[in-house]
Amino acid sequence: MADVTKEEVLAVLAKVRGPDLEGDIVSRGMVSDVFISDNKVYFSITVPAARATELEPLRMAAERTVKAMPGVKGALVTLTADRKAGSAPPPRPQPAAPAAHSHAHGHAHGHSHPPQGQPAQPPQREKSGVPGVGAIIAVASGKGGVGKSTTAVNLALGLQANGLRVGILDADIYGPSVPRLLKIAGRPQQIENRIIKPMENYGLKAMSMGFLVDEETAMIWRGPMVQSALLQMLREVAWGDLDVLVVDMPPGTGDVQLTMAQQVPLAGAVIVSTPQDLALLDARKGIAMFRKVEVPLLGIVENMSYFLAPDTGKRYDIFGHGGARSEAERIGVPFLGEVPLTIDIRERSDAGTPVVASDPEGASAKIYREIAARVWAELGGLTPRQAPAIVFE
């Protein structure tokens with residue numbers, strides 16, 4: 001059977017009526033770029049923010065219509081809210097009119113229709129967690145090229161080696177590297193209710209845009225679509241029971257970071273930096289951003305801290321030394337540890353056999369496990385929940 005084309009999808013969507021039955025969603029410009037991979041169709045429908053809840057049937061109608069097309073294996077349709085400039089909710093909830101809300105406080109999530117003329121609930125109240133997931137932590141950096149993804153994967157494996165149940169979410173929509181670092185290929189399966197089963201390797205549950213699209217595909221998505229895809233990978237994936245979900249953030253301080261900080265109950269952030277002062281200036285931006293959105297800083301990891309010669313084992317501080325540690329002390333953020341620049345870490349990362357999994361007794365793995373232990377202690381030192389847990393339904 002021939003592959004489904006964008007044009008065919010748009011032709012079918014042109015039969016779906018717009019809100020209030022005015023026109024259709026295609027001619028009204030509500031449909032984002034249609035993306036097709038493996039005969040699964042992905043797109044979003046842009047609607048006014050205030051009406052997002054009531055227009056859910058519109059999303060379902062569009063999804064049903066596309067799923068019914070011959071040759072379509074599945075469809076993932078999201079509603080993207082289009083907030084007119086200036087109507088974005090305040091970053092922190094304002095304690096206005098407590099009397100009117102006090103009786104409803106415990107049922108905040110039960111109200112599907114906010115009162116007319118008011119924005120949907122402030123982001124703070126919307127931060128619903130992910131069922132079954134204990135702590136969600138972000139691994140971030142001020143700029144690219146500091147080895148953040150390698151650090152995130154080995155930190156996740158380090159937490160697991162320390163007895164925790166761990167998953168990793170690759171939030172870098174434009175340049176996902178977790179599939180390669182964990183040597184996972186193939187497409188995730190969809191189970192009931194549009195829920196996706198995470199992929200798995202080395203005992204880590206993993207989700208990444210890289211599993212849904214081909215490596216060479218250029219993702220040309222606008223902010224709202226990225227936000228929508230991200231929250232779906234977080235909330236519509238069967239993570240199961242996890243103690244920690246590590247989120248590998250894209251570099252910098254953009255849309256994705258703000259979405260995560262404002263809409264996800266992050267337990268804390270780990271900043272990855274290299275020793276050079278220039279990189280630390282970038283790291284400071286990341287630190288400032290998380291402080292601004294009130295996400296606790298679990299600490300700084302200094303990556304590529306020094307070079308270990310493979311033949312002699314001699315240490316060379318080729319980037320200077322101690323920059324991240326002194327910066328951490330200066331601003332009162334825990335210093336989590338320094339990871340050397342070794343050919344071993346680089347080669348194993350490129351091969352998809354991360355050092356903590358492939359050489360668990362080696363010196364590098366020990367460093368990552370120690371960093372993981374410090375991160376867990378910063379999270380409140382909860383004792384790892386022992387598996388298998390007995391659950392009384």
Rounded to the nearest 0.5 Å, what separation is found between the [atom1] atom of [X] and the [atom2] atom of [Y]?
X: T65; Y: I25; atom1: OG1; atom2: CD1; result: 7.5 Å
X: K148; Y: I271; atom1: NZ; atom2: CD1; result: 11.0 Å
X: M233; Y: S208; atom1: CE; atom2: OG; result: 6.0 Å
X: R369; Y: Q160; atom1: CZ; atom2: CD; result: 12.0 Å
X: L164; Y: W376; atom1: CG; atom2: CH2; result: 4.5 Å
X: I371; Y: L298; atom1: CD1; atom2: CG; result: 12.5 Å

Can you give me the closest heavy-atom contact between [X] and [Y], atom names plus distance?
X: V16; Y: A62; result: CG2-CA, 4.2 Å
X: G158; Y: A372; result: C-CB, 3.5 Å
X: G299; Y: V333; result: CA-CG1, 3.5 Å
X: Y368; Y: L155; result: CD2-N, 4.5 Å
X: P340; Y: I345; result: O-CD1, 3.7 Å
X: V166; Y: V246; result: CG1-CG2, 4.2 Å

Is [X] reaching over with its side chain to a backbone N or O of [Y], donor-acceptor style, under 3.5 angstrom?
X: K40; Y: L76; value: no
X: R28; Y: E22; value: yes
X: N39; Y: K73; value: no
X: N201; Y: I184; value: no
X: R348; Y: A357; value: no
X: K205; Y: W239; value: yes
X: E63; Y: V77; value: yes
X: E378; Y: G268; value: no
X: S349; Y: T150; value: no
X: N154; Y: V356; value: yes

Any [X] side-chain heavy atom under 4.5 Å of [Y] side chain:
X: L13; Y: D24; value: no
X: V270; Y: V375; value: yes
X: F211; Y: D170; value: no
X: M304; Y: T151; value: no
X: R325; Y: E302; value: no
X: D248; Y: S177; value: yes
X: I136; Y: L169; value: no
X: M30; Y: P19; value: yes

field: Residues V9, V72; criterion side-chain contact (heavy atoms from CB on, under 4.5 Å); working and verdict
entry: CA-CA 10 Å; V9 171; V72 169; 5.5 Å; no
query: Crowded around E370 CD? As in, over 12 foreign heavy atoms under 6.0 Å?
result: yes
Give a yes or no on whether [X] and [Y] share a hydrophobic cluster (residues Ile, Leu, Val, Met, Phe, Trp, Tyr; joining criterion: side-chain heavy atoms under 4.5 Å apart).
X: V41; Y: L10; answer: yes
X: L55; Y: M60; answer: no
X: M207; Y: I195; answer: no

- prompt: F335: which other cluster members, linking ILVMFWY side chains closer than 4.5 Å, directly or transitively?
  reply: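 Besides F335, the cluster holds no residue at all.
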- prompt: What's the verdict on side-chain contact (heavy atoms from CB on, under 4.5 Å) for V264 and R235, showing C-alpha distance, side-chain angles and the deciding distance?
  reply: CA-CA 10 Å; V264 177; R235 302 227 166 95; 4.2 Å; yes
- request: List the steps and the verdict of side-chain contact (heavy atoms from CB on, under 4.5 Å) for S149 and D172.
  value: CA-CA 9 Å; S149 294; D172 196 342; 5.7 Å; no
- request: Take I168 and L182, measure what side-chain contact (heavy atoms from CB on, under 4.5 Å) needs, and give me the verdict at the end.
  value: CA-CA 10 Å; I168 185 162; L182 285 177; 3.9 Å; yes
